There are 2 protein chains.
Amino acid sequence: MNCTGLSQNAILDRLKESGCRITAPRKALVASLAESHTPQSVIELHAAANKRIGTPTDPEPVNLVTAYRFVNLLETQGLARRIDFAQGYARYEPTHPDDAHHHHHIVCDQCGKVEPFDDCDVDELSARIEARSGFVVMRHQLELYGKCADCSREP
Amino acid sequence: MNCTGLSQNAILDRLKESGCRITAPRKALVASLAESHTPQSVIELHAAANKRIGTPTDPEPVNLVTAYRFVNLLETQGLARRIDFAQGYARYEPTHPDDAHHHHHIVCDQCGKVEPFDDCDVDELSARIEARSGFVVMRHQLELYGKCADCSREP
DNA sequence: CTTTTTGCAAACATTTTGCAACTGG
DNA sequence: CCAGTTGCAAAATGTTTGCAAAAAG
């Protein structure tokens with residue numbers, strides 16, 4: 001289970017409340033999303049879901065298209081957050097139950113390791129930019145890139 | 001001409017110094033990049049370059065593939081910077097002559113307007129994360145999203 | 001039984017690659 | 001002349017869409 005975001009059941013409950021149907025593919029995708037400790041690509045979620053409920057007879061009960069449609073649903077419902085690490089594809093993580101508690105990530109360029117952090121200073125910067133530019137800042141994306149401890153040891 | 005990044009001639013000179021050849025497509029692409037005041041997509045650069053040197057007889061003297069190859073060259077040479085606004089494609093801007101002087105952008109979700117800002121607080125945050133996580137932070141991406149002054153007036 | 005969801009195929013958008021022809025220096 | 005550059009066609013990647021069949025409630 002992921003340590004910061006909505007739990008599997010919380011997501012399923014909120015889906016049901018919204019009148020969405022709970023299906024086997026959705027359960028498997030939600031489970032894969034909720035148990036992950038780092039943001040997952042749609043391809044990773046799709047693979048994890050099929051590993052979870054696939055059988056020798058039917059190794060791929062969840063279609064990739066279904067995964068794409070479902071993450072979009074989760075995002076529009078506010079249950080998952082799309083994150084872009086500039087890798088050419090999007091990643092998703094469960095939203096935090098407390099809406100205000102947002103966090104960011106540091107990504108290792110070498111091994112891809114991702115670690116979250118939640119001490120984010122951007123609010124005062126936002127306020128300054130708002131005052132100066134007339135923009136209303138609604139959200140921000142901040143990602144740090146570098147080398148993780150392991151990768152900094154070797155060249 | 002863009003007000004913060006390398007000038008057209010500076011880019012061409014540095015290319016020549018590196019042993020790269022200066023061709024008509026490259027001149028047109030560099031001109032398009034250098035004159036832009038906001039980060040440009042490759043498709044935009046390609047269109048601008050062809051508008052610049054295209055003729056009725058040959059409306060597209062610069063191939064899109066050439067544009068892609070060239071922005072990659074500029075990036076590896078440190079002459080352009082790739083920026084990802086999570087729009088499904090990359091944008092490029094000329095790098096700043098002073099390497100340390102980096103900046104970020106605020107993007108209007110509604111009309112796509114982009115404005116740069118250069119008062120960035122992330123350094124102390126980076127230092128804190130480095131100390132705590134063991135990561136060596138090498139760069140960061142920060143983008144603010146919201147509504148520009150014009151778009152906030154109307155719904 | 002009705003509406004939502006799924007799977008499949010196919011379309012789409014961006015970016016990359018292989019290769020022969022071309023061209024700048 | 002010749003290495004570097006280009007254009008074309010084609011492929012690779014990630015994502016979306018149309019539609020009929022399947023399934024949830």
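Since this is a predicted model, take the numbers as computed values, not measurements. Here is how names work: the chains are called A, B, and so on, in the same order as the sequence lines, proteins then strands, and each is numbered from 1.
To the nearest angstrom, C1' of dT5(D) lies 14 Å from NZ of Lys27(B). To the nearest angstrom, C1' of dA13(C) lies 11 Å from OH of Tyr89(B). Atom-to-atom, OH of Tyr68(B) to P of dT17(C) comes out at 13 Å; the value is rounded to the nearest Å. Distance CD1 (Ile53(A)) to P (dG7(C)): 9 Å, rounded to an integer number of Å.
No donor-acceptor contact under 3.5 Å links the side chain of Arg69(B) to the base of dG4(D). Side-chain atoms of Arg21(A) come within donor-acceptor range of the base of dT3(C), with a qualifying N/O pair under 3.5 Å.
Heavy atoms of Gly19(B) sit nowhere under 4.0 angstrom from any nucleic acid atom.
When the side-chain nitrogen and oxygen atoms of Thr23(A) are compared with OP1 and OP2 of dT6(C), one or more of them lie within a distance under 4.0 Å. Listed pair Arg26(A) / dT6(C) meets the phosphate criterion, a side-chain N or O lying under 4.0 Å from OP1 or OP2. Applying the 4.0 Å criterion to OP1 and OP2 of dT16(C), one finds that Asn72(B) has a side-chain N or O inside that range.
Using a cut-off of 4.0 Å between Lys/Arg side-chain N and Asp/Glu carboxylate O, Arg52(A) and Glu35(A) are scored as salt-bridged.
The nucleotide whose nearest atom lies closest to any side-chain atom of Cys20(A) is, among dT5(C), dG7(C), dT15(D), dT5(C).
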